[in-house]
Amino acid sequence: MKVIVRRPRREVEMPGSRRVRDLLQELKINPESVLVVRGQELLTPDELVRDEETVEVVPAISGGSAHEV
Amino acid sequence: MKCKTCPGKAVIDIRRHNAAFCKDCFIVHAERQIERTIEGDKMLSKDDRVLVAVSGGKDSLTLWEVLRRLGYHTTGFHIVLGIDHYSPQARATVEGYAKKNGLPLIVTDVKEEYDFSIPELAEYTRRVPCSACGLSKRYLMNRTALQGGFSVLATGHNLDDAAATLLGNLLHWQTPQLGRMGPALEATHPKLVKTVKPLVRLTERETLAYAMLRGIDYHDDECPNAVGATSLFYKDLLNQLEYASPGAKQSFYFGFLKKGRPAFLAAQTDGVELKECEACGQTTTTETCAYCRMMDLARRTAAARSR
Ligand code: SF4
Ligand SMILES: [Zn+2]
Ligand SMILES: [Zn+2]
């Protein structure tokens, strides 16, 4: 499968299928700070991603000290 | 995973609520959380004229979207910071959102109206960009709200923002700030406008999910100055805590408001009095406000350099 990670943007090839929870763990990404999407679809941790699919890990955390205003 | 409230398939899990939701139920859940925050903290009434600070990111546009849907009278306020390619895109996003939804929008370009972009201001005053940016934003938001006759200023701060600010204030024992923290701050002076943070019960991840599921066209580029910001480091630490112990951010922040804040507030016996700035009339504790002093320094540095 292909996993697109942002900031910095990179593409990771992972052979085989796995659950969202496991792919985040392998990439050492904290599930509390991201959402994983397949196309337009948001995926829960138990969702299986197949070998031929592409998912994107979208970071939820942003901003400098006075950013969100 | 299955949705907690209907037989549908879940699209998001929220560990601190021990729940997962399908798209429709999550949207209902998020909007209800925001509505409860607004009502519980007496943030807004339907008679208020609300100025909504919109950067164009997921949080501020989620805020505007929900306030619009709940039937509040809102006007957007966007500040053009003059930061590389980031600012033009942010502006276009906000203008696009306002136009699409037929909402009024006030845009202030700091370079056009006040002579310096944020990077220039930072350079001329030897501040880090986020400091010049934060001071400018807070000043311009209050002044714009006041001049436009708005009764409340709403910002898109979420639970992660609030918890990170609390952590920073605690690490540096910023006792006056600790006494003043909170999602709704009443105006304590005629020249101050009440400020509210209706998203404070949603995590940043939940706001992102809401923006995505509602199909909001938000600006998801990161400001180049955010790289390495301390607030991001704090947010990361807090999310590690959250991962190990779901609900940690929420109990840290709301627990502080309930049990810690009153003590800091009561300890403020120094009674610093708010005055009006000699130059601009906005509130300050010194003769001239911090914004006017920053602008004055920038003008003098710019003049000295052009000689
Ligand atoms: S990261 Fe800093 S400079 Fe950039 S918009 Fe946020 S507060 Fe301003
Ligand atoms: Zn449902
Ligand atoms: Zn002033």
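Proteins come first, then strands; the chains are lettered A, B, ... in the order of their sequence lines, and each starts at number 1.
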Side chain / backbone / both / neither for [X] at chain A, heavy atoms under 4.5 Å:
{"X": "B/Ala20", "value": "neither"}
{"X": "B/Arg15", "value": "side chain"}
{"X": "B/Lys23", "value": "neither"}
{"X": "B/Leu63", "value": "neither"}

Response to the item:
Closest non-hydrogen atoms of A/Ala60 and B/Arg205, given as atom of the first, atom of the second and distance, are CB-CA, 3.6 Å

Measure from the side-chain N and O atoms of [X] to the backbone N and O of [Y], and report whether any donor-acceptor pair falls under 3.5 Å.
{"X": "A/Asn30", "Y": "B/Asn239", "value": "yes"}
{"X": "B/Glu204", "Y": "A/Ser33", "value": "no"}
{"X": "A/Asp46", "Y": "B/Met1", "value": "yes"}

Worksheet item: Do the side chains of B/Met212 and A/Leu42 get nearer than 4.5 Å, heavy atoms only?
Response: yes

Worksheet item: Between A/Val58 and B/Leu208, is any pair of side-chain heavy atoms under 4.5 Å apart?
Response: yes

Inter-residue atom distance [X].[atom1] - [Y].[atom2], 0.5 Å rounding:
{"X": "A/Ile61", "Y": "B/Asn158", "atom1": "CD1", "atom2": "CG", "result": "7.5 Å"}
{"X": "B/Tyr243", "Y": "A/Leu24", "atom1": "OH", "atom2": "CG", "result": "8.5 Å"}
{"X": "A/Glu47", "Y": "B/Asp13", "atom1": "CD", "atom2": "CG", "result": "11.5 Å"}
{"X": "B/Leu232", "Y": "A/Ser62", "atom1": "CG", "atom2": "OG", "result": "7.5 Å"}

A quick test of your reading: do over 12 heavy atoms of other residues, nucleotides or ligands sit less than 6.0 Å from [atom1] of [X]?
{"X": "A/Glu11", "atom1": "CD", "result": "yes"}
{"X": "A/Glu53", "atom1": "CD", "result": "yes"}
{"X": "A/Arg6", "atom1": "CZ", "result": "yes"}

Worksheet entry | Side chain / backbone / both / neither for A/Leu43 at chain B, heavy atoms under 4.5 Å | backbone

Worksheet item: Where does A/Pro31 contact chain B at under 4.5 Å (heavy atoms): side chain, backbone, both or neither?
Response: both

Fill in: A/Glu32/B/Lys235 ion pair, N-O < 4.0 Å
no

